[in-house]
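Protein chains get the first letters and strands the later ones, always in sequence-line order, with residue 1 at the start of each.
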2 protein chains.
Amino acid sequence: MTTRWLTPEEQRAWRAYVAASLLLEDAIDRQLQQDAGMPHLYYSILSVLSESPERRLRMTDLAERLKITRSRLTYAVTRLEKDGLLRREACRYDKRGSIAALTDDGFAVLDRAAPGHVETVRSLLFDRLSEEQVGQLEEISAAIAQGLQEDGARPASDDVPWRRRSSPACS
Amino acid sequence: MTTRWLTPEEQRAWRAYVAASLLLEDAIDRQLQQDAGMPHLYYSILSVLSESPERRLRMTDLAERLKITRSRLTYAVTRLEKDGLLRREACRYDKRGSIAALTDDGFAVLDRAAPGHVETVRSLLFDRLSEEQVGQLEEISAAIAQGLQEDGARPASDDVPWRRRSSPACS
DNA sequence: TAGGTTTGTTTCAAACTTGAACCAAGCCTG
DNA sequence: CAGGCTTGGTTCAAGTTTGAAACAAACCTA
């Protein structure tokens, strides 16, 4: 089949999107590096942990939520642990398991950095979009993400319900 | 002033967006790494060059179009040059200048990889969006990008027209 | 035109990411 | 319960990114 090239509208949208996402991530990384001494992803790790039951999560669950590889997460967690912002704990139900638990220091860092981060996201993103556009962005993003997460490995809906691999905090 | 936290709608949109952009970039990087042996950014460098007059561009102009730092570009161009996909040339009008020029090999690689790349972008993105959403995505992206590019250094509109630092290909 | 500032680019070390390989522990199935 | 497959996590080397510092050439301006 001959290639279905992008239409001019699609080209424009694609280029605009690529540019915007690059610029936005860069700006957010810079802000957080400045104010919290860590890149966006690392901040997100702390943030996700802070909202999890008992402020702890298994590595795989964490990686899944953040949409990153386990290897990448291992590296990041090692750094954050060195900084004392989280602690690794053993999982008592599964000896292979490793749990990342936010420390008080970690929570404090998050707490201090959150206002600045939110302000940045707001001023760079939401202040520039109408309410309608916020909804559109969510829908578009959800559509994209959905396509990229069809696990392929996940059983059909009438199959065994997807077994939770671990209790939320496994302890 | 007390922090204006994100509304639930904004939270959802933000998280969906972050997840989607991560997943999408990853998928595209993987595809291009597979099929062209280089990450998305490197492919974009070749692509931008291929559309420029004489298939060449000054480093700074290239960096500006791609929204990346000059340092990042230097590294990437060095690699691509080693691979023989582009060549660095001196700029005769400005001895500081360096020009990246696409080689025939570079063009050939691009040519071979383009259909697969487009197919990927299409299937992961455009096939999942309505025509309307494509327009929305462009507008949203443009709004974001605009906010992030107000150079601050750029002169006011009634000032001297922004001097082009280099002719398109400077040769 | 000398001296100072700006611009274009590279360099360097430190940090981060990638993907494949590895190891251990859990989970079968015969 | 043994062998074999799967899952959870880390390790390692190679590749990439970052940001500050270094240079050199160009551009003032007195």
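Each end of the helix from C:dT1-D:dA30 to C:dG30-D:dC1 gets its own rotation axis from five pairs of C1' atoms, and the angle between them is 20° to the nearest 10 degrees.
Of all heavy-atom pairs spanning B:Val48 and B:Ser52, the tightest one is O-OG, 2.9 Å.
Of the side-chain N and O atoms in A:Ser98, one or more sit less than 4.0 angstrom from OP1 or OP2 of D:dT10. Residue A:Arg70 places none of its side-chain N or O atoms closer than 4.0 Å to OP1 or OP2 of D:dT10.
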Please table the atom pairs, donor to acceptor, closer than 3.5 Å between any side-chain atom in residues 137-148 of chain B and protein atoms at least two apart or in another chain.
from: B:Glu138; atom 1: OE1; to: A:Arg12; atom 2: NE; distance (Å): 3.4
from: B:Glu138; atom 1: OE2; to: A:Arg12; atom 2: NE; distance (Å): 3.1
from: B:Ser141; atom 1: OG; to: B:Leu137; atom 2: O; distance (Å): 2.7

I'd like a list of close polar pairs between nucleotides 18-24 of chain D and the protein, N/O only, cut-off under 3.5 Å.
from: D:dG19; atom 1: O6; to: B:Ser71; atom 2: OG; distance (Å): 2.9

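Counting non-hydrogen atoms of other residues, nucleotides and ligands closer than 6.0 Å to CD of B:Gln11 gives a total above 12.
Every pair passing salt bridge (Lys or Arg N to Asp or Glu O under 4.0 Å) that includes a residue from residues 14-33 of chain B is listed here, sequence neighbours excluded: A:Glu51-B:Arg15. The salt bridge (Lys or Arg N to Asp or Glu O under 4.0 Å) pairs that include a residue from residues 103-121 of chain A are A:Glu119-B:Arg4, where partners are two or more places apart or lie in different chains.
Considering only side-chain atoms of A:Tyr42, the nucleotide from C:dC16, C:dG8, C:dG26 that sits closest is C:dC16. Of the candidate nucleotides D:dT10, C:dG8, C:dT10, D:dT10 has the atom nearest to the side chain of A:Thr74.
In this structure, B:Met38 places its CE atom 18 Å from P of C:dT18, rounding to the nearest Å. As a whole-Å value, the separation of A:Leu41 CG from C:dA15 P is 17 Å. Straight-line distance from the CE atom of A:Met59 to the P atom of C:dA24: 18 Å, rounded to whole Å. For A:Arg58 and D:dT7, the CZ to P distance is 13 Å, given to the nearest whole Å. In this structure, A:Ile99 atom CD1 and D:dG8 atom C1' are separated by 12 Å, rounded to whole Å. In this structure, A:Arg92 places its CZ atom 19 Å from P of C:dA25, rounding to the nearest Å. Atom-to-atom, NZ of B:Lys95 to P of D:dC27 comes out at 12 Å; the value is rounded to the nearest Å. The NE2 atom of B:His40 sits 15 Å away from the P atom of C:dT18 (whole-angstrom rounding).
Mapping B:Ala76 and A:Gly97 onto DNA chain D by nearest heavy atom places A:Gly97 at the nucleotide closer to the 5' end.
Under the side chain to side chain contact (heavy atoms under 4.5 Å, CB included) criterion, B:Val18 pairs with A:His40, B:Trp14, sequence neighbours left out.
Salt-bridge annotation for B:Glu89 and B:Arg56: present, with a side-chain N of the basic residue lying under 4.0 Å from a carboxylate O of the acidic one. Salt bridge status for B:Asp61 with B:Arg65: absent, with no side-chain N to carboxylate O gap under 4.0 Å.
In summary, the side chains of B:Thr7 and B:Glu9 do present a donor paired with an acceptor at a separation below 3.5 Å, with no hydrogens or angles considered.
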